[in-house]
Amino acid sequence: MEFTYKEYEKLIGVLKKSGYTICGYENYLLYEKPVILRHDVDMSIEKAFEMALIEYGMGVKSTYYVLISSDFYNVYSKYNIERLRKMQLMGHTIGLHFDEERWEDNVLKAIEKEVDILEKMLEKEVVSVSMHRPSDITLKSNYEIKAGRVINSYSKTFFEEFKYVSDSRRNWREDIFKIIESGQYNRLHILTHPMWYAQNEKGAKETLSEFCKNKVYECYDILDANIRDLSQILQKEELER
Ligand SMILES: [Zn+2]
């Protein structure tokens with residue numbers, strides 16, 4: 001599959017044609033052939049927002065998991081909070097993407113702490129959590145978060161009772177279209193990373209290289225907003241691309 005918005009739209013179309021109902025972690029039991037669409041926002045809320053708009057255009061609601069301790073983006077910046085609020089207005093769910101590397105011990109306590117923080121930032125309840133590069137212990141732990149009030153998308157249910165497929169490292173280990181069309185699976189759990197998708201097909205190297213280069217300009221714009229007469233010291237054109 002190509003990593004383009006057009007191809008992603010095709011994927012949604014094939015899911016619908018194959019009788020799947022796109023739903024959330026909290027209501028999948030209502031459907032005979034549920035599919036949960038999940039997006040882990042590892043590097044860019046801007047890219048997540050783009051994908052959210054594509055889905056909105058197709059009447060699709062999904063779940064976006066954001067990190068609150070990322071070095072790539074600030075969830076609470078004015079623009080990002082606005083984007084996340086708009087995504088919620090589109091009908092999407094914003095959940096917590098939890099990075100256990102951030103913490104020393106007691107993972108469950110740390111998850112619950114981050115849930116509290118994200119809820120305050122979003123001014124809305126967090127319904128579910130996904131793990132960012134979980135350890136084997138976390139994968140096996142089947143954590144019950146906030147006494148079960150918050151869904152753990154890594155709980156056994158969503159891995160053992162669903163066919164799970166992911167585009168991690170920009171690579172579908174299995175042919176996603178074949179899986180959908182095979183008729184073999186009654187429940188699907190699909191993880192995609194918005195970072196890899198764009199209008200036109202790009203390889204992993206090109207995508208990451210563009211991401212890094214754009215950061216340089218983004219950094220300049222932030223400097224510009226914080227340092228008076230920045231151009232007298234450094235001009236944008238002087239930055240190497
Ligand atoms: Zn992740």
Side-chain angles (χ1 to χ4, degrees), residues 1 3 8 11 24-25 35-52 54-55 62-77 80-81 83-84 87-88 92-104 107-108 110-119 121-122 126-143 145 150-159 162-174 176 188-198 202 204-205 207-212 214-215:
M1 159 174 181
F3 286 80
Y8 185 73
L11 187 142
Y25 288 93
V35 54
I36 299 174
L37 298 176
R38 155 178 155 219
H39 309 279
D40 285 354
V41 184
D42 287 347
M43 290 173 228
S44 163
I45 291 188
E46 205 177 336
K47 291 299 290 180
F49 187 71
E50 272 182 36
M51 182 148 259
I54 302 275
E55 290 184 326
S62 67
T63 304
Y64 289 82
Y65 289 106
V66 293
L67 292 156
I68 63 162
S69 59
S70 171
D71 288 313
F72 288 117
Y73 59 79
N74 175 2
V75 178
Y76 204 51
S77 77
N80 283 337
I81 276 288
R83 284 179 182 126
L84 295 176
M87 284 159 74
Q88 288 175 322
H92 300 303
T93 302
I94 307 298
L96 172 72
H97 199 33
F98 178 78
D99 182 4
E100 67 185 278
E101 293 264 306
R102 163 77 178 69
W103 301 88
E104 305 288 309
V107 171
L108 180 59
I111 295 171
E112 293 181 337
K113 195 170 180 176
E114 290 203 3
V115 164
D116 288 340
I117 297 170
L118 184 59
E119 286 184 339
M121 291 197 281
L122 293 171
V126 165
V127 190
S128 61
V129 173
S130 82
M131 310 299 169
H132 177 64
R133 303 170 67 189
S135 62
D136 282 345
I137 301 169
T138 294
L139 278 178
K140 286 182 196 131
S141 295
N142 212 22
Y143 291 124
I145 306 162
V150 178
I151 297 165
N152 175 2
S153 70
Y154 273 76
S155 62
K156 282 193 184 126
T157 311
F158 300 107
F159 282 86
F162 282 72
K163 169 70 180 166
Y164 174 74
V165 238
S166 126
D167 69 352
S168 290
R169 289 183 68 93
R170 199 185 174 280
N171 178 29
W172 295 97
R173 259 159 238 97
E174 302 168 82
I176 181 72
L188 291 179
H189 182 190
I190 301 177
L191 163 64
T192 54
H193 296 78
M195 173 71 192
W196 299 124
Y197 296 79
K202 284 181 240 171
K205 185 176 174 174
T207 305
L208 294 177
S209 154
E210 268 183 28
F211 177 71
C212 290
N214 286 337
K215 280 274 170 204

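Order of appearance sets the numbers: ligands from 1, and atoms from 1 within every ligand.
- Counting backbone and side-chain atoms alike, His97 contributes an N/O/S atom closer than 2.8 Å to the Zn ion (ligand 1).
- One finds a salt bridge joining Glu210 and Lys202 here, because a Lys/Arg side-chain nitrogen approaches an Asp/Glu carboxylate oxygen to under 4.0 Å.
- No more than 12 heavy atoms of other residues, nucleotides or ligands lie within 6.0 Å of NZ in Lys113, so this atom counts as exposed by the packing criterion.
- Listed here is the closest heavy atom pair of Ser62 and Leu37: CB-O, 3.4 Å.
- Asp42 contributes OD1 as its N, O or S atom closest to the Zn ion (ligand 1).
- Pairing each heavy atom of Ser153 with each of Phe158, the nearest pair is O-CB, 3.6 Å.
- The atom name of the N/O/S atom in His132 closest to the Zn ion (ligand 1) is ND1.
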